[in-house]
Amino acid sequence: MMTTPALSVTAVGGPFVPTTVSRRELRADDVRIEIAFTGICHSDLHRVDGEWGGGIFPMVPGHEITGVVTAVGEDVSGLRVDDRVGVGVIVNSCGECGPCREGRQQFCAAGVVETYNSRDYDGSVTYGGYSRGIVVREAFAHRLPEGMELANAAPLLCAGITVYSPLRRWGPLKDRSVAVVGVGGLGHLGVRMAAAMGAEVTAVSRSTRKHADARRLGAAHVLAADGPDALAGARDRFDLILNTVSAPLAMDDHLATLRPGGVLVNVGAPQAPISCQPSSLIDGNKAIAGSMIGGLAETGEMLRFCAEHGIGAQVEVVDARSIDTAYRRLREGDVRFRFVMDASTIGK
Ligand code: NAP
Ligand code: ZN
């Protein structure tokens with residue numbers, strides 16, 4: 001066992017306190033990673049705030065991890081010491097069930113093991129990336145493409161794959177009209193990726209404050225969603241809507257902006273039911289869908305796509321002492337567009 005400095009919350013709502021966590025001795029197919037950066041995802045906030053229930057405390061969140069391999073187990077063949085890698089939301093799956101064999105490990109029939117707040121198959125609780133180091137199976141560490149900055153790459157491991165996967169599934173997007181609703185950690189990457197896939201992108205944000213940024217990220221159009229009838233001018237406009245909003249969405253208003261046959265994909269995950277009028281779907285053969293992160297192979301594909309198109313997250317780097325402030329600002333929507341923690345400041 002090795003211990004590593006970390007930040008944990010001991011009860012719903014925080015605050016964070018410095019702590020240490022144990023990391024297992026390397027098994028044959030494990031790699032040890034010195035963490036450089038960890039993104040602060042809104043899912044971490046939902047979890048810490050107890051919105052999803054099922055919290056295991058003390059909790060060390062963090063599932064947007066980048067760093068450098070510092071040791072490898074004896075059977076590891078694809079990674080070496082000093083390789084730059086990323087770890088996302090999942091750190092284990094059975095590898096044998098239908099979903100695992102199809103490359104959709106996030107739906108593992110034996111129960112996927114998430115990077116934190118999860119129980120691994122040996123019964124141990126998982127602790128995430130708000131720490132200096134982590135040990136994971138080789139298969140769950142993604143080699144980062146050359147030249148990708150560790151800080152800007154970290155959010156790709158959750159936010160990036162979460163928007164990439166549905167954009168691919170509902171594509172090809174070339175010359176299609178795509179709305180990305182919510183320009184936050186996920187949304188700003190959604191705008192960049194959809195634009196890189198050739199879509200005509202509209203960024204839908206609550207106010208006009210992020211409009212200039214959204215255009216710079218690749219949006220051809222911007223819309224302010226707040227206010228009565230704000231979306232009225234956008235009826236029948238989109239083939240695909242990617243909803244990344246962390247709060248409940250006015251479904252009927254947004255469905256009205258889809259063209260016939262259009263799809264609204266939810267990746268935003270507030271703990272609240274989705275409701276709409278049946279006629280909002282019937283009139284135009286529209287569909288509501290969902291999407292959860294992505295599998296291992298697709299995550300690798302996403303990283304290569306981002307490298308090819310020069311896509312990384314726009315980040316604000318914070319140190320460990322500022323974590324509670326970062327959480328407050330994330331609750332208030334005051335971040336452009338992702339906080340990443342410099343993990344080397346943890347325990348100092
Ligand atoms: P984020 O950075 O906080 O961005 C969320 C955006 O939603 C905000 O920037 C804001 O965009 C909009 N928003 C926030 N509160 C709102 C409100 N009350 N009304 C209207 N709009 C609001 O969060 P994130 O990290 O991108 O995560 C977004 C959601 O995706 C979270 O619910 C998270 O749990 C979920 N998620 C899902 C998956 C998955 O696998 N499906 C993976 C990761 C995250 P504007 O300022 O532009 O309006
Ligand atoms: Zn996340």
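Start at 1 and go down the list; that is how both ligands and their atoms are numbered. Numbering starts at 1 and runs along the sequence shown.
Here the CG atom belonging to Leu330 is positioned 5.5 Å from the NE2 atom belonging to His42, to the nearest 0.5 angstrom. The line from NE2 of His142 to CD1 of Ile65 is 10.5 Å long, rounded to the nearest 0.5 Å. Residue Asp44 holds its CG atom at 10.5 Å from CG of Asn117, rounded to the nearest 0.5 Å.
At a 4.0 Å heavy-atom cut-off, ligand 1 touches Ser205 through backbone and side chain alike. Within the 4.0 Å heavy-atom criterion, the part of Leu330 lying near ligand 1 is the side chain and not the backbone. Counting heavy atoms closer than 4.0 Å to ligand 1, residue Ser207 contributes nothing at all. Contacts between His42 and ligand 1 below 4.0 angstrom, taking non-hydrogen atoms only, involve backbone and side chain alike. The proximity of Trp52 to ligand 1, defined as any non-hydrogen pair under 4.0 Å, is limited to the side chain. Under 4.0 angstrom from ligand 1, there are no non-hydrogen atoms of Arg209.
Contact check on Asp236 versus Arg259 returns no salt bridge, with no Lys/Arg side-chain nitrogen under 4.0 Å from an Asp/Glu carboxylate oxygen. Residues Asp253 and Arg235 are not paired through a salt bridge, judged by the lack of any N-O separation under 4.0 Å between the basic side chain and the carboxylate. Salt-bridge annotation for Glu298 and Arg168: absent, with no side-chain N of the basic residue lying under 4.0 Å from a carboxylate O of the acidic one.
Within a 6.0 Å radius of CD in Glu51, more than 12 heavy atoms belonging to other residues, nucleotides or ligands are found. The environment of CD in Glu316 is crowded: more than 12 heavy-atom neighbours from other residues, nucleotides or ligands sit within 6.0 Å. Atom CD of Glu332 sits in a crowded spot, with more than 12 heavy atoms from other residues, nucleotides or ligands closer than 6.0 Å.
Within ligand 1, the atoms closer than 4.0 Å to a non-hydrogen atom of Gly182 are 11 (O), 47 (O), numbered from 1 in the order shown. Interface of Cys158 with ligand 1, defined as ligand atoms under 4.0 Å from a residue heavy atom, comprises 42 (C), 43 (C). Atoms of ligand 1 found under 4.0 Å from any heavy atom of Gly184 (numbered from 1 in listed order, with element): 2 (O), 4 (O), 9 (O). The ligand atoms of ligand 1 that sit less than 4.0 angstrom from a heavy atom of His46 are 31 (C), 32 (O), 33 (C), 34 (O). Within ligand 1, the atoms closer than 4.0 Å to a non-hydrogen atom of Ile293 are 39 (C), 40 (O), numbered from 1 in the order shown. For ligand 1 and Lys210, the ligand atoms under 4.0 Å from any heavy atom of the residue are 9 (O), 11 (O), 45 (P), 46 (O), 47 (O). Close contacts between ligand 1 and Arg338 involve ligand atoms 2 (O), 24 (P), 25 (O) [criterion: under 4.0 Å to a heavy atom]. Residue contact check: Ala247 has heavy atoms under 4.0 Å from atoms 16 (C), 17 (C), 18 (N) of ligand 1.
Between Phe339 and Tyr327, the distance separating the two ring centers is not shorter than 6.0 angstrom.
Atom 48 (O) of ligand 1 has its nearest heavy-atom neighbour, among His188, His211, Arg206, Gln106, in Arg206. Nearest residue to atom 26 (O) of ligand 1 from Asp226, Leu186, Val245 is Leu186 (criterion: closest heavy atom).
Residue side and main chain included, His42 places no N/O/S atom under 2.8 Å of the Zn ion (ligand 2).
Among Leu157, Val68, Ile33, the one residue that satisfies the side-chain contact (heavy atoms from CB on, under 4.5 Å) test with Val85 is Ile33.
The nearest heavy-atom contact from the protein to atom 37 (C) of ligand 1 is Val267 O, 2.8 Å. Closest protein heavy atom to atom 41 (N) of ligand 1: Ser291 O, 2.9 Å. The protein non-hydrogen atom at the shortest distance from atom 28 (C) of ligand 1 is Thr244 O, 3.0 Å. The protein heavy atom nearest to atom 5 (C) of ligand 1 is Ser246 OG, 3.8 Å. With hydrogens left out, the protein atom closest to atom 11 (O) of ligand 1 is Val183 N, 3.4 Å, a heavy atom. For atom 33 (C) of ligand 1, the closest non-hydrogen atom on the protein side is Ser43 OG, 3.4 Å. The nearest protein atom to atom 42 (C) of ligand 1, hydrogens excluded, is given as Thr162 OG1, 3.2 Å; this is a heavy-atom distance. The protein atom (non-hydrogen) at minimum distance from atom 2 (O) of ligand 1 is Gly185 N, 2.8 Å.
In this structure, Arg328 contributes its side chain and Ile323 its backbone to no donor-acceptor pair below 3.5 Å. A donor-acceptor pair under 3.5 Å is formed between the side chain of Thr115 and the backbone N or O of Val89. Under a 3.5 Å cut-off, the side chain of Glu64 and the backbone N or O of Ala159 do form a donor-acceptor pair. At least one donor-acceptor pair under 3.5 Å links the side chain of Lys286 to the backbone N or O of Leu255.
For His63, the N, O or S atom with the smallest separation from the Zn ion (ligand 2) is NE2.
Remark: ligand 1 and Val335 share no N or O pair separated by less than 3.5 Å (distance only, no angle test).
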